[in-house]
Amino acid sequence: MPAKLSNEQRESSLAELKHWSLDNRRNAIAREFKFADFCDAFAFMTRVALVAEKRNHHPEWSNVYNKVSITLTTHDAGGLSLLDIELAREIDSIFARWSA
């Protein structure tokens, strides 16, 4: 089972994830992504889904037209774990290639 990050680990990890915000209530991180249209948003979600499935770590997310909202937390750990930080980095990488 993955270990929950300490407060120090959480803060240092969040410093690297510039566009993610901490949800203290849920001990989670969240980010919203905006795309040109629904097709781009859905294609992005598909790429993220493939990575998430490969890692066996799945986001909580929603899609409304051209926006995708993602929340990451590790339920088994009771909050943020290294799995969330690693997945957030990969999601950021996918988005960076998308918007390039």
Side-chain angles (χ1 to χ4, degrees):
M1 177 184 330
K4 184 176 170 181
L5 296 178
S6 68
N7 287 341
E8 183 178 291
Q9 291 170 315
R10 185 181 67 196
E11 294 304 318
S12 66
S13 295
L14 277 174
E16 298 172 25
L17 299 170
K18 303 279 186 225
H19 302 285
W20 292 82
S21 60
L22 180 63
D23 179 343
N24 279 314
R25 185 179 53 80
R26 298 193 56 218
N27 198 2
I29 54 176
R31 181 171 177 192
E32 184 174 276
F33 299 86
K34 189 172 181 181
F35 298 89
D37 55 30
F38 176 77
C39 288
D40 280 349
F42 195 83
F44 169 77
M45 290 178 74
T46 301
R47 287 204 178 163
V48 171
L50 293 172
V51 170
E53 184 62 20
K54 186 175 183 179
R55 290 178 164 273
N56 193 31
H57 189 61
H58 305 94
E60 297 174 18
W61 57 8
S62 65
N63 165 239
V64 177
Y65 182 60
N66 67 335
K67 293 179 186 164
V68 176
S69 298
I70 299 178
T71 300
L72 300 174
T73 190
T74 304
H75 301 286
D76 291 344
L80 283 174
S81 76
L82 189 56
L83 293 173
D84 302 304
I85 303 306
E86 291 171 348
L87 184 55
R89 287 181 186 136
E90 276 205 71
I91 291 169
D92 284 349
S93 178
I94 292 168
F95 185 68
R97 289 189 308 264
W98 203 275
S99 56

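Throughout, numbering of the chain's residues begins at 1 and tracks the sequence. Computed from a predicted model, the values in this text were never measured in an experiment. Atom set for the values below is all heavy atoms of this structure, side chains included, hydrogens, waters and symmetry mates excluded.
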| message | Are F95 and F33 an aromatic pair, judged by ring center distance below 6.0 Å? | response | yes
| message | For a 4.5 angstrom cut-off between non-hydrogen side-chain atoms, does F35 reach K67? | response | no
| So do I29 and T73 actually touch side chain to side chain, heavy atoms under 4.5 Å? | no
Counterpart residues, side chain to side chain donor-acceptor pair (under 3.5 Å), relative to [X] (two or more places apart):
X: W20; result: D92
X: T71; result: none
X: T74; result: S81, D84

Quick one: pull up [atom1] in [X] and [atom2] in [Y] and give me the separation to the nearest 0.5 Å.
X: C39; Y: Y65; atom1: SG; atom2: OH; result: 8.5 Å
X: L22; Y: L17; atom1: CG; atom2: CG; result: 11.0 Å
X: L50; Y: K54; atom1: CG; atom2: NZ; result: 10.0 Å
X: L5; Y: N27; atom1: CG; atom2: CG; result: 8.0 Å

| How does the hydrophobic cluster around L83 look, that is, which other residues are in it when side-chain heavy atoms under 4.5 Å mark a link? | none
Over all atoms of both residues, closest heavy-atom pair of [X] and [Y]:
X: I85; Y: S13; answer: CD1-CB, 3.7 Å
X: M45; Y: W61; answer: O-CH2, 3.2 Å
X: A15; Y: K18; answer: O-NZ, 2.9 Å
X: E32; Y: S69; answer: OE1-OG, 3.4 Å

Among all residues two or more places apart in sequence or in another chain, which pass the side-chain contact (heavy atoms from CB on, under 4.5 Å) test with [X]?
X: N66; value: K34
X: H58; value: A52, E53, N56
X: E16; value: R89
X: T46; value: F42

I'd like to check the salt bridge (Lys or Arg N to Asp or Glu O under 4.0 Å) partners of [X]; sequence neighbours left out, ordered by chain and number.
X: E90; value: R55
X: E60; value: R26
X: R10; value: none

